[in-house]
Amino acid sequence: MGEPGRNAVIARLPELKEQHAVDFVVVNGENAAGGRGITGKITIDLLRAGVAVVTTGDHVWDQKDILTFIETEPRLLRPLNYPPGAPGNGSIVLETAKGKVGVINVQCRTFMQPILDNPFHAIEAAVAGMRQETPNILVDCHGETTSEKIAMGRFLDGKVSAVLGTHTHVQTADEQILSGGTAFLCDAGMCGPVNSILGRAAEPIMNRFVSNLPSAFPVAAGEVRLRGAIVEIDEKTGRALRIVRLDEPGPAQPSAEPEPKIDIEQSPSPEQT
């Protein structure tokens, strides 16, 4: 979430990978640029820090350079269920020291904009094709409602290694391994400022609820935490062996906090209003 979140990920990721013996890292970066969208430069910075794949969601097109950049960087994904002809790709398979790993990015439809093609139809075909290459498949399910994300987890149980939800910025406590061997978590949570409302300064958002008047929503400053999940997978079968939530502090805060940067938004997104 914004500069505080992405700086914390870049600073702490090498240490966390070593500490938890992590082989492969997926980051949802769709709020990395001022809280809305992602740029080519930020994508490259995350990849250089040790991220293998960057996923997105409903804010994927918010930064103007991304339409052309996403065509040149296959490790930056947009939701799979955009209609044919959309720039970029919704899935990728990468070779690792322990075999191939596939990643699929899909966007739900309930209370989401834009309304995309049916995610269940799109991902069923994508998973069937990807399983010809590898059983080790991670799904970023970007959605507003817990019900739709749980439905996606159940729908894909036994077909993929993990279904991890994103979008609501709030880490859920329902991590589990489903009966078919698929790890599931409704929302991995946010890497960003915790003394905030979804990573943005609290006062303007409270005023928005009170007054119904438009407002700028700057990214918050202060304490940062990194939240996500660690999934252990049997690389021969693709079945999940373990899933644990990750909740780690960001790097040490400077003695004087900078003023939050203003991020003017003409039309606040659903999670901001």
Side-chain angles (χ1 to χ4, degrees), residues 22-30 52-58 60 77-82 90-93 100-112 115-191 227-247 270-271:
V22 171
D23 302 296
F24 195 88
V25 177
V26 179
V27 168
N28 184 290
E30 77 141 14
V53 176
V54 180
T55 56
T56 57
D58 55 310
V60 60
L77 302 182
R78 46 85 172 159
L80 174 80
N81 47 324
Y82 268 90
S91 64
I92 189 171
V93 176
K100 293 181 178 181
V101 177
V103 180
I104 302 175
N105 190 181
V106 69
Q107 183 173 310
C108 296
R109 297 201 292 185
T110 307
F111 303 136
M112 296 289 288
I115 301 296
L116 301 183
D117 295 342
N118 189 305
F120 293 87
H121 293 170
I123 204 162
E124 186 172 38
V127 168
M130 189 172 283
R131 285 187 66 86
Q132 301 301 311
E133 291 189 72
T134 179
N136 304 309
I137 301 172
L138 308 176
V139 176
D140 175 348
C141 182
H142 195 76
E144 186 74 36
T145 66
T146 52
S147 59
E148 192 170 10
K149 287 188 277 191
I150 293 170
M152 183 63 73
R154 298 286 181 185
F155 182 72
L156 294 175
D157 186 24
K159 303 172 185 175
V160 303
S161 305
V163 176
L164 304 176
T166 59
H167 179 66
T168 65
H169 297 216
V170 178
Q171 188 179 62
T172 55
D174 61 335
E175 72 277 15
Q176 60 189 293
I177 296 178
L178 302 174
S179 60
T182 295
F184 177 79
L185 179 63
C186 231
D187 202 288
M190 173 187 72
C191 297
R227 292 179 174 135
I230 297 174
V231 181
E232 183 180 351
I233 299 168
D234 181 338
E235 63 265 25
K236 294 182 180 179
T237 65
R239 292 176 66 93
L241 304 175
R242 182 176 67 106
I243 178 171
V244 294
R245 280 176 285 144
L246 183 77
D247 186 353
E271 70 267 26

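Only heavy atoms go into these numbers, but all of them, side chains included; no hydrogens, no water, no symmetry mates.
Side chain of T168 to main chain of E144: no donor-acceptor pair is present (N/O by atom type, distance under 3.5 Å, no hydrogens or angles). For the pair D140 (side chain) and N105 (backbone), a donor-acceptor distance under 3.5 Å is absent. At least one donor-acceptor pair under 3.5 Å links the side chain of T134 to the backbone N or O of K100. Side-chain atoms of E30 come within 3.5 Å of backbone N or O of G57 as a donor-acceptor pair. The closest donor-acceptor contact from the side chain of Q107 to the backbone of P119 lies at 3.5 Å or more, if one exists at all. Looking only at distances, a side-chain donor or acceptor of N136 sits under 3.5 Å from a matching main-chain atom of E235. At distances below 3.5 Å, at least one donor-acceptor pair connects side-chain atoms of N28 with backbone N or O atoms of T56.
Between G153 and L178, the closest heavy-atom pair is O-CD1, 3.4 Å. Between A240 and T182 the shortest heavy-atom distance is CB-C, 4.4 Å. In terms of heavy atoms, C186 sits closest to I150 at SG-CG1, 3.8 Å. When all heavy atoms are compared, the tightest approach of S161 to I233 is CB-CD1, 3.6 Å. In terms of heavy-atom proximity, V54 sits nearest to G29 at CG1-N, 3.9 Å. Among all heavy-atom pairs drawn from I137 and V160, the shortest one is O-CB, 3.7 Å.
Taking CZ of F120 as the reference point, atom CG of N81 lies at 10.0 Å (rounded to 0.5 Å). Between the NE2 atom of H142 and the CG atom of L77 there is a distance of 13.0 Å, given to the nearest 0.5 Å. Going from atom CG of N118 over to atom CD of E124 covers 9.5 Å, rounded to the nearest 0.5 Å. The NE2 atom of H121 sits 13.0 Å away from the CG atom of L80 when rounded to the nearest 0.5 Å. The distance from atom CZ of F155 to atom CD of E148, rounded to the nearest 0.5 Å, is 12.0 Å. Residue L138 holds its CG atom at 12.5 Å from OG of S91, rounded to the nearest 0.5 Å.
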Would V244 and E175 count as a side chain to side chain contact (heavy atoms under 4.5 Å, CB included) if you check the C-alpha gap in whole Å, the side-chain angles of each, and the deciding distance to 0.1 Å? CA-CA 7 Å; V244 294; E175 72 277 15; over 6 Å; no
Determine, step by step, whether M152 and I123 satisfy the side chain to side chain contact (heavy atoms under 4.5 Å, CB included) criterion, reporting the C-alpha distance in whole Å, the side-chain angles of both residues, the deciding distance to 0.1 Å, and the verdict. CA-CA 9 Å; M152 183 63 73; I123 204 162; 3.8 Å; yes
Could you go through V139 and L156, starting from their C-alpha distance and side-chain angles, then the distance that decides it, and tell me whether this counts as side chain to side chain contact (heavy atoms under 4.5 Å, CB included)? CA-CA 9 Å; V139 176; L156 294 175; 4.0 Å; yes
Is there a side chain to side chain contact (heavy atoms under 4.5 Å, CB included) between D174 and L185 once you walk through the steps? CA-CA 6 Å; D174 61 335; L185 179 63; 3.4 Å; yes
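Counting heavy atoms from C-beta outward, T145 and C108 have side chains that stay 4.5 Å or more apart. Put simply, the side chain of T166 does not reach to within 4.5 Å of the side chain of T55, judged on heavy atoms. Side-chain contact check for I243 versus L164: some heavy-atom pair is nearer than 4.5 Å. In this structure, the side chains of L116 and P79 come closer than 4.5 Å at one or more pairs of heavy atoms.
Each of K149, R227, R245 was checked for a salt bridge (charged side-chain N to carboxylate O under 4.0 Å, His left out) with D187, and the lone residue meeting it is K149.
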